[in-house]
Amino acid sequence: MKISQLFLLSIFLSPMMARAEGFETDYSVSLNNFYGYTDYAKPYSKLYKQNNINSSFNFYGRGTYEFNDEYAISLIGYLMADTAKEVENYNQGIWGEELYLLTETPYGEISIGQKNNVAYEFAVGAPNIGFYRTNNTDLVNFINNPNWYKKGHDARYKTLNSTYINTDGVSPKISYVTPSYLGIKLGATYVPKTYSQTGLVAKDALYKDDEAYILGAYGLWDILGYELETSLGYADFKNNDTEYSAGMSIYRKGWTLGGSYRKTEADTKRYGLDKENLYDSYREGDAYNIGLSYEIGPFTTGISYFVSEAKKTDNKDEIISFSNSYQYNKYVTLSLTAAHLKSEGNNDNIKNNNKGYAFIFGLELAI
């Protein structure tokens with residue numbers, strides 16, 4: 001049975017399972033709608049359309065059986081779809097799924113299935129505002145970035161699109177996370193095959209079926225009234241690259257200041273970088289971000305700065321964003337984002353470079 005079929009079956013069975021002793025279910029649904037106007041710099045304006053409409057659907061479902069206060073097992077699933085995804089980085093292109101089992105014990109948590117690795121899940125950095133993400137940003141649906149491309153199984157990531165380790169995406173994996181001790185949690189992930197359409201690896205990459213080992217650490221402390229979060233990540237993608245990440249966030253009285261960094265070092269002993277098509281230049285590069293947000297009641301505003309560049313080519317991205325979110329009630333949230341992108345290619349070809357501003361209005365519905 002395919003994973004997607006198993007997930008749909010679990011949704012069908014959940015009302016009957018909910019009647020079982022010790023069994024609980026939870027779910028959420030959201031529909032996000034966005035209109036964006038893009039003001040491209042010359043001469044790029046003739047290449048792309050200025051008006052863009054995008055809608056995304058997200059479903060989360062969880063069924064948990066509690067054996068007692070210390071032991072529980074859950075089936076957790078996500079479904080997502082997008083009407084106009086410029087970078088088609090869901091499992092199935094413009095739609096996708098995640099499904100995994102989670103076992104919780106006094107000795108830690110074990111998860112098996114489609115999900116992000118522990119370093120990605122632990123990662124902290126520049127704060128997100130409403131729908132807008134600094135990492136792996138949906139800004140590409142409104143202003144084209146030539147350094148990030150994925151259509152079908154054709155992928156070309158010439159720079160990193162995130163400071164979080166997302167090379168493997170939500171490929172099937174096994175993870176273990178320790179209990180929290182003195183505010184610290186540790187985790188480890190084993191990935192049998194790196195490739196996932198949600199990640200950075202191309203379908204025709206010679207190392208796509210190789211394994212990976214990923215480690216992560218997370219810390220959360222209250223220090224003199226300041227909430228401090230930190231994260232560290234390390235990944236060894238066999239025959240691909242070695243990756244390092246670090247992040248920090250400080251919160252106090254509605255203010256959040258955060259930033260993160262990621263570095264990749266290519267393993268070129270067996271497979272070198274493709275310097276002709278530049279589909280894997282991300283393997284040798286770095287990225288960092290920093291952001292500041294303020295939340296007062298239902299309103300949140302913030303600015304962020306993101307930079308990513310390849311070390312063996314001249315490809316580089318720079319994104320500056322100012323985003324605002326207003327939660328009208330528990331069902332409706334309004335957002336407004338202004339962002340500037342400067343994308344540099346490996347040469348002067350107009351199709352390999354881009355620059356401009358995007359102004360995005362969002363209506364987010366949730367139940």
Side-chain angles (χ1 to χ4, degrees), residues 11 14 24-39 49-62 76-87 89-90 94-98 121 123-143 162 164 227 229 249-258 289-306 319-341 356-367:
I11 296 174
S14 61
E24 295 182 354
T25 59
D26 186 25
Y27 76 94
S28 64
V29 181
S30 66
L31 177 63
N32 302 330
N33 306 279
F34 305 103
Y35 165 74
Y37 172 79
T38 306
D39 182 18
K49 60 181 181 179
Q50 294 179 306
N51 295 281
N52 296 277
I53 298 176
N54 173 269
S55 295
S56 62
F57 168 83
N58 297 275
F59 173 85
Y60 160 81
R62 176 170 182 155
I76 301 173
Y78 295 86
L79 286 176
M80 61 285 290
D82 204 304
T83 59
K85 200 166 182 63
E86 182 61 30
V87 176
N89 59 355
Y90 288 150
I94 62 173
W95 72 275
E97 81 286 334
E98 298 177 29
E121 293 189 332
V124 297
N128 296 323
I129 311 296
F131 92 97
Y132 185 79
R133 302 193 306 266
T134 302
N135 287 295
N136 197 13
T137 178
D138 285 332
L139 180 64
V140 291
N141 290 333
F142 303 95
I143 179 168
S162 173
Y164 305 161
E227 185 178 287
E229 285 185 283
S249 176
I250 302 174
Y251 171 85
R252 180 175 171 82
K253 295 183 178 180
W255 292 93
T256 302
L257 173 65
N289 66 40
I290 187 169
L292 176 68
S293 70
Y294 179 66
E295 180 180 357
I296 179 170
F299 179 72
T300 305
T301 185
I303 56 175
S304 66
Y305 180 63
F306 175 91
I319 299 174
I320 303 172
S321 59
F322 171 58
S323 195
N324 304 272
S325 176
Y326 177 74
Q327 187 172 353
Y328 179 73
N329 55 39
K330 65 179 182 179
Y331 305 110
V332 179
T333 301
L334 305 175
S335 64
L336 180 63
T337 297
H340 176 262
L341 166 72
Y357 293 86
F359 306 90
I360 307 165
F361 171 76
L363 173 62
E364 305 166 43
L365 308 175
I367 58 173

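Here CG of Leu31 is found 7.0 Å from OG of Ser56. Values are rounded to the nearest 0.5 Å. Summarising the geometry, atom CD1 belonging to Ile53 is positioned 9.5 Å from atom CZ belonging to Phe142; distances are rounded to the nearest 0.5 Å. One distance of note links CG of Asn136 with OH of Tyr164; it measures 11.0 Å at 0.5 Å rounding. Considering OG of Ser323 and CG of Leu336, their distance stands at 7.5 Å, rounded to 0.5 Å. Taking OG1 from Thr333 and CD from Gln327, the interatomic distance works out to 4.5 Å, rounded to the nearest 0.5 Å. Annotation: the span from Glu295 atom CD to Thr256 atom OG1 amounts to 7.5 Å, rounded to 0.5 Å.
Counting non-hydrogen atoms of other residues, nucleotides and ligands closer than 6.0 Å to OH of Tyr27 gives a total of 12 or fewer. No more than 12 heavy atoms of other residues, nucleotides or ligands shown are found within 6.0 angstrom of OH on Tyr328. The number of heavy-atom neighbours closer than 6.0 Å to OH of Tyr251, taken from other residues, nucleotides and ligands shown, is above 12.
For Lys49 against Asn52, the heavy-atom pair with the smallest separation is CE-OD1, 3.0 Å. Of all the heavy atoms in Met80 and Glu97, the pair that sits closest is SD-N, 3.7 Å. Considering every non-hydrogen atom in both Leu139 and Ala358, the closest pair reads CD1-CB, 3.9 Å. Between Gly291 and Ala126, the closest heavy-atom pair is N-CB, 3.6 Å. Here the closest non-hydrogen pair linking Ser249 and Val124 is N-CG2, 4.2 Å.
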Worked verdict on Tyr132 versus Ser335 for side-chain contact (heavy atoms from CB on, under 4.5 Å): CA-CA 9 Å; Tyr132 185 79; Ser335 64; over 6 Å; no

side-chain contact (heavy atoms from CB on, under 4.5 Å) between Ser30 and Glu364, worked out: CA-CA 7 Å; Ser30 66; Glu364 305 166 43; over 6 Å; no

side-chain contact (heavy atoms from CB on, under 4.5 Å) assessment of Leu365 paired with Asn32: CA-CA 6 Å; Leu365 308 175; Asn32 302 330; over 6 Å; no

CA sep, side-chain torsions, deciding dist, call: Phe299, Tyr326, ring pair (Phe, Tyr, Trp, His ring centres under 6.0 Å): CA-CA 5 Å; Phe299 179 72; Tyr326 177 74; 7.1 Å; no

Chi angles and distances behind the side-chain contact (heavy atoms from CB on, under 4.5 Å) call for Lys85, Val140: CA-CA 8 Å; Lys85 200 166 182 63; Val140 291; over 6 Å; no

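Contacts classified as salt bridge (charged side-chain N to carboxylate O under 4.0 Å, His left out) and involving residues 52-62 (residues at least two apart or in different chains) are given here: Arg62-Glu104.
A heavy-atom distance below 4.5 Å is not found between the side chains of Phe34 and Thr337. Between Asp26 and Tyr60 the shortest side-chain heavy-atom distance falls below 4.5 Å. Counting heavy atoms from C-beta outward, Leu292 and Trp255 have side chains that approach closer than 4.5 Å. Within the 4.5 Å cutoff, the side chain of Asp82 has heavy atoms near those of the Asn141 side chain.
Counting only N and O atoms by type, the side chains of Ser325 and Thr300 include no donor and acceptor under 3.5 Å apart. Using a 3.5 Å distance cut-off with no hydrogens or angles, the side chains of Thr301 and Asn324 do pair a donor with an acceptor.
Aromatic ring orientation, His340 versus Tyr357: tilted (interplanar angle from 30° to 60°).
Between Thr134 and the options Asn289, Ile129, Ile290, a side-chain contact (heavy atoms from CB on, under 4.5 Å) holds for only Asn289.
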